[in-house]
Amino acid sequence: MIGEKELVKLVKSSDTKIVLIVMDGVGDIPDKSGKTALEQAKTPNMDKLAAEGNLGFTLPIDWGITPGSGPSHLALFGYDPLEHEIGRGVLEALGIGLKLGPNDLAARANFATRDDKGIITDRRAGRISSEVNQKLCEKLSRNLEAIDGVTVKVYPGKEHRFVAVFSGEGLYDNLMDADPEETGKMEKFVEALDEKSARSADIANKFIKEVQQVLKDDHPANTCLLRGLAKAPGITGFGDLFGLRACAIASYPMYKGLSRLVGMEVIEGLNTLEDEVEELKKQYNNYDFFYLHVKKTDSYGEDGNRPSKVKTIEEFDKLVPGITGLKPDVICITSDHSTPTDIKGHSWHPNPILIKGPHMRKDGACAFDESECLKGAYGTMFSKDVMQILMAQAGRLKKFGA
Ligand code: ZN
């Protein structure tokens, strides 16, 4: 990547439109069938795009590095993921619509169950309902007081999940999670990894003790785990960086949060893939750039459920003509990282990418899958460079130098 400072100098305005589709975790490796999920799926519409466009692979972070969805999305949005680290707590907070300021430290929290000895017997408090969660957060809000001059607010999420936001001067986030990570283990408290974060750890731990006190009669939700404690990083807005009016079409909180963090407008209230594509059509005249997220390819990858992953790919393919019918100048389909069903988790394997713009070379690839991507013109590139190619194809970058 040329770097943010150089890039902004090259950006020029245009009325072209770019659609970036992220099929989360779609990249795969062959299972016992000898094929990947994309190779098994019947995808005539994406294959047609592949024949017209160029293929390749992307590396989210670096060779051999397995990424989380946060950094790998950030890279696709054109930011160096190593320069802009975003904590899980921040993503979760943004995902439920909170706006974080420079004095806020956010944590992704779980209601959990602890026994009298301090052993965590259920990390999800029996997956309490979202309604119970709401009541518990209200009870905490009524009873929580400022801790050493730092206010704490709690916000309910889905089921057992909530977000805690600590607000005050002098908070730092070089902190370890308060989570034993397995049931049947002793509860953990937040640990600071450097001296200046020690006070923040202390405040977070006082908060956990307060939660235990306030919820002592609310078994199974009688404690909480705190993870991904983080402050929001300063980041150049997507609009300022690329000169694009950008819209995020996603249904899961974290992806909405990430989009909001980089300054995209986020559409709320979408649940299904059909909803998402309909919304894209509705918003098409209002923006220059659309990020559309397909979540279930990753979820089924994590479950090791190959048939459902293939089915999700096929279902999405059926919606593709609704998108190409809008005639965007540039369309890109890729994944943020691979989630092979045999691994049941994210992996380091490069991701398939398809780019179709008005100025393509022929690369002979004629289907959207990993084997065809090997023939692709783009070879293997870093995800953070993808936006530059999309911008160039969209006629939105000036020449560098004379
Ligand atoms: Zn992902």
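For an aromatic pair to be called close, the ring centres must be under 6.0 Å apart, and Tyr291 with Phe77 satisfies this. Here the two rings, on Phe207 and Phe166, have centers that are under 6.0 Å apart. Taking the six-membered ring for Trp and the full ring otherwise, Phe289 and Phe242 have centroids separated by 6.0 Å or more. Within the 6.0 Å centre-distance limit, the rings of His293 and His73 are counted as a close aromatic pair.
A salt bridge links Lys9 with Glu6: the distance from a Lys NZ or Arg NE/NH1/NH2 to an Asp or Glu carboxylate oxygen falls below 4.0 Å. At a threshold of 4.0 Å, the pair Asp288-Arg245 counts as salt-bridged, since one of the basic side-chain nitrogens sits closer than that to a carboxylate oxygen. Remark: Lys206 engages Asp202 in a salt bridge, criterion side-chain N to carboxylate O under 4.0 Å. Ion pair Glu52/Lys48 flagged as a salt bridge, since at least one NZ, NE, NH1 or NH2 atom sits closer than 4.0 Å to an Asp/Glu carboxylate oxygen. Taking the charged nitrogens against the carboxylate oxygens, Asp179 and Arg227 do have a contact shorter than 4.0 Å, which makes a salt bridge. The pair Lys282-Glu279 counts as a salt bridge, with a side-chain nitrogen and a carboxylate oxygen less than 4.0 angstrom apart. Between Lys311 and Glu314 there is no salt bridge, since none of the side-chain N atoms of the basic residue sits less than 4.0 Å from a carboxylate O of the acidic one.
The closest donor-acceptor contact from the side chain of Glu370 to the backbone of Pro352 lies at 3.5 Å or more, if one exists at all. Glu265 contributes no side-chain N or O that, together with a main-chain N or O of Ala248, makes up a donor-acceptor pair within less than 3.5 Å. Between the side chain of Tyr79 and the backbone N or O of Phe238, at least one donor-acceptor pair lies under 3.5 Å. Under a 3.5 Å cut-off, the side chain of Asn103 and the backbone N or O of Ser167 do not form any donor-acceptor pair. Looking at Lys309, its side chain does come within 3.5 Å of a backbone N or O of Gly25 through a donor-acceptor pair.
Using a 4.5 Å heavy-atom threshold, the side chains of Tyr255 and Ser69 count as touching.
Residues meeting the side-chain contact (heavy atoms from CB on, under 4.5 Å) test with Ser251, sequence neighbours left out: Glu276. In this structure, the salt bridge (charged side-chain N to carboxylate O under 4.0 Å, His left out) partners of Glu268, at least two apart in sequence or on a different chain, are Lys256, Arg260.
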List the atom pairs, donor and acceptor, that lie under 3.5 Å between side-chain atoms in residues 216-223 and the rest of the protein, sequence neighbours left out.
unit_1, atom_1, unit_2, atom_2, d
Asp218, OD2, Lys139, NZ, 2.7
Asn222, OD1, Arg114, N, 2.8
Asn222, ND2, Arg114, O, 3.0
Thr223, OG1, Gln212, NE2, 2.9

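Using modelled atom types and a 3.5 Å distance limit, the side chains of His337 and Asp24 yield a donor-acceptor pair. Counting only N and O atoms by type, the side chains of Thr339 and Asp298 include a donor and acceptor under 3.5 Å apart. Side chain to side chain, Asn351 and Ser335 meet the donor-acceptor criterion of an N or O pair below 3.5 Å. Using modelled atom types and a 3.5 Å distance limit, the side chains of Ser197 and Asp194 yield a donor-acceptor pair. With 3.5 Å as the limit, one finds a donor-acceptor pair spanning the side chains of Gln283 and Asn286. With no hydrogens or angles considered, no side-chain donor-acceptor pair links Ser13 and Arg396 at under 3.5 Å.
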(request) Would you please test Lys17 and Asp329 for salt bridge (Lys or Arg N to Asp or Glu O under 4.0 Å) and show each step? (result) CA-CA 5 Å; Lys17 292 192 192 276; Asp329 300 273; over 6 Å; no
